[in-house]
Amino acid sequence: MPTECAICNEERDEGSLHKLTSDPNEEPAWVCSDCEKKLLRAVDDEVSGG
């Protein structure tokens with residue numbers, strides 16, 4: 001059953017829950033696989049200085 005992505009707002013079948021901020025009280029949001037990849041790429045670029 002498709003779920004709406006918290007980032008792109010598209011209905012997708014594949015994804016998982018993620019905390020999108022550092023707020024410990026924040027509920028995890030469902031993020032589709034495509035947006036997960038974009039988030040991971042942004043974190044990798046930030047860590048590597050790119």
Side-chain angles (χ1 to χ4, degrees):
M1 181 171 155
T3 304
E4 185 175 312
C5 176
I7 296 176
C8 69
N9 298 320
E10 296 288 327
E11 294 278 328
R12 302 291 174 103
D13 289 321
E14 295 183 17
S16 60
L17 293 173
H18 291 274
K19 284 202 170 230
L20 300 178
T21 68
S22 59
D23 181 354
N25 298 319
E26 178 197 18
E27 291 294 318
W30 193 89
V31 178
C32 73
S33 297
D34 290 338
C35 287
E36 284 178 324
K37 291 174 189 171
K38 291 175 189 174
L39 288 172
L40 289 173
R41 239 179 286 142
V43 169
D44 286 345
D45 286 348
E46 196 172 297
V47 170
S48 68

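These values consider heavy atoms only, across backbone and side chains, with no hydrogens, waters or symmetry-generated copies. From a predicted model like this one, the values you see are computed outputs, not experimental measurements. Position 1 is the first residue of the sequence, and the numbers go up from there.
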Distance-only check: which donor-acceptor pairs under 3.5 Å involve side-chain atoms of residues 1-9, not counting sequence neighbours?
none

May I have the list of side-chain donor-acceptor pairs in residues 18-28 shorter than 3.5 Å, sequence neighbours left out?
unit_1	atom_1	unit_2	atom_2	d
H18	NE2	S16	OG	3.1
H18	NE2	E36	OE2	2.7
K19	NZ	P24	O	3.3
K19	NZ	E26	O	2.6
T21	OG1	D23	N	3.3
T21	OG1	E26	OE1	2.8
D23	OD1	N25	N	2.8
E26	OE1	L20	N	3.3
E26	OE1	T21	N	3.0
E26	OE2	L20	N	3.3

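Sorted by first and then second residue, the pairs that involve residues 8-17 and meet salt bridge (Lys or Arg N to Asp or Glu O under 4.0 Å), not counting sequence neighbours, are R12-D34.
Other residues sharing the hydrophobic cluster of L17, ordered by chain and number and joined by side-chain separations under 4.5 Å: W30.
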